[in-house]
A.B. asks: 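I have a structure I would like to understand better, so I am pasting it below and will then ask my questions one at a time.
Just so you know, these numbers come straight off a predicted model, no measurement behind them. Every heavy atom of this structure was used, including side-chain atoms; hydrogens, water molecules and symmetry mates were not. Every number for a ligand or one of its atoms is a count from 1 in the order of the listing. One-based numbering along the sequence shown.
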Amino acid sequence: MAISSITTVDFSSFLKEDGDEEGKQRVIEEVGKACREYGFFQLVNHGVPLDLMNRTVELSKTFMEYPTEEKLKCSPTSATLPTGYGRMDSMFGNNEWLMMSTLEESFDRFLKLGEIVEGIVNDCLGLPVDFLKQYNNDRSMDVMVAWHYPLAPGTELNLGREGHQDTNCITFLLQDEVGGLEVEKDGTWIPLSPMKGVLVVNIGVVIQVLTNKKLMAARHRVLRHEVRNRCSVAFFCSIEGDKWIEPLPQFTEEIGEAPKYRWFFFKEFLQARLQKEREPPSRREDVTTIDHYEIPA
Ligand SMILES: O=C(O)CCC(=O)C(=O)O
Ligand SMILES: [Fe+2]
């Protein structure tokens, strides 16, 4: 498997009991650099056992192999967090997903990992200790999504998921061995080749807004494989829906910079984004993105 140019961070110092302060500092610097350069990094020695990662992906594959009419019995019943099965067949991509708000062991692992990575992002931004933890102290909108990118025989459609920024704070991604994930850097798409035991981590637009663009959420996409179905599982560390989101004073008035976004409620933005999956608009420009809240310079 090819090695990707995206930074790989060894997380072991954050999981050791003995508090390896030097190691932790190194990780904070590496994460900060990767987040500023790419908005993406890869994690090894992150504490999520390989066996659990494999089982999580396998379980998702098993679900996706059921006939469509069976899967549709799991269609979402709630709009706030539409957990359940859905499919997309539009210019924005051609795939299906299962959104889950619990999955026993792996969900708990990702919740904890999310808190640690959020703490690291907090520190590399120079925010007061535990600032983001206190600001984002409700985990009810965190969600896990199993994705399936099936073959599209006889079509030219090679886009499993079009280029997008994630809507949340921090995303963890488990890929199977098929590959296809790419991140955009200065107009070029860089492949993030799957590697055993590696977790892909990326920054979402909530962090982009809070930091007034000090950290940017990278655009990424998924190319469909020619002959193989692909599965992945994403964990989205998010933020409570009633939270009012705007650039933090630490990145605006306290340093004499004008806010680049006007405020919005997270749930309002999330609903607009989910709408795209539920009822795709016929025109691309009708999709709400974070640019909708941008204040022109
Ligand atoms: O399936 C993947 O590798 C990427 C999924 C993704 O970008 C997302 O869930 O936002
Ligand atoms: Fe994404």
A.B. asks: Considering residues, nucleotides and ligands other than R139, do more than 12 of their heavy atoms fall under 6.0 Å from its CZ?
C.D. replies: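 Check passes, neighbour count above 12.
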
A.B. asks: So, is the end of the K71 side chain (NZ or CZ) under 6.0 Å from the ring centre of Y66 and within 45° of the ring's axis?
C.D. replies: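 Checked: cation-pi criterion not met.
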
A.B. asks: Take the angle between the ring planes of W244 and W263 and call it parallel below 30°, perpendicular above 60°, tilted in between.
C.D. replies: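 W244 vs W263 ring planes: parallel.
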
A.B. asks: Could you label the plane-to-plane angle of the F235 and F110 rings as parallel, tilted or perpendicular, counting under 30° as parallel and over 60° as perpendicular?
C.D. replies: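 If you compare the ring of F235 with that of F110, the planes turn out parallel.
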
A.B. asks: R228 pairs by side chain to side chain contact (heavy atoms under 4.5 Å, CB included) with which of R230, R224, H225, E226?
C.D. replies: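 Between R228 and the candidates, side chain to side chain contact (heavy atoms under 4.5 Å, CB included) is satisfied uniquely by H225.
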
A.B. asks: Could you tally the protein N/O/S atoms lying less than 2.8 Å away from the Fe ion (ligand 2)?
C.D. replies: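 Number of qualifying protein atoms: 3.
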
A.B. asks: Got a sec: does the NZ of K33 have more than 12 other heavy atoms crowding it under 6.0 Å?
C.D. replies: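 No, because the 6.0 Å sphere around NZ of K33 holds 12 heavy atoms or fewer from other groups.
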
A.B. asks: Does one hydrophobic cluster hold both Y149 and V178, with members joined at side-chain heavy-atom distances below 4.5 Å?
C.D. replies: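 The answer is no; the residues belong to distinct hydrophobic clusters.
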
A.B. asks: Looking at Y135, is K243 sitting on its ring face, NZ or CZ under 6.0 Å from the six-membered ring centre and within 45 degrees of the normal?
C.D. replies: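 Yes, cation above the ring, under 6.0 Å and within 45°.
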
A.B. asks: Treat each ILVMFWY residue as a node, draw an edge where side-chain heavy atoms are under 4.5 Å apart, and state whether Y261 and F265 are in one component.
C.D. replies: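 Different clusters: Y261 never reaches F265 through Ile, Leu, Val, Met, Phe, Trp or Tyr contacts under 4.5 Å.
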
A.B. asks: Does ligand 1 have any N/O pairs with the protein under 3.5 Å, and how far apart?
C.D. replies:
| unit_1 | atom_1 | unit_2 | atom_2 | d |
| --- | --- | --- | --- | --- |
| ligand 1 | 1 (O) | Y149 | OH | 2.6 |
| ligand 1 | 1 (O) | R230 | NH1 | 2.9 |
| ligand 1 | 1 (O) | S232 | OG | 2.6 |
| ligand 1 | 3 (O) | R230 | NH1 | 3.1 |
| ligand 1 | 3 (O) | R230 | NH2 | 2.8 |
| ligand 1 | 7 (O) | H164 | NE2 | 3.0 |
| ligand 1 | 7 (O) | H220 | NE2 | 3.1 |
| ligand 1 | 9 (O) | W147 | NE1 | 2.7 |
| ligand 1 | 9 (O) | R161 | NH1 | 3.4 |
| ligand 1 | 10 (O) | R161 | NH1 | 3.4 |
| ligand 1 | 10 (O) | H164 | NE2 | 3.1 |
| ligand 1 | 10 (O) | D166 | OD1 | 3.0 |

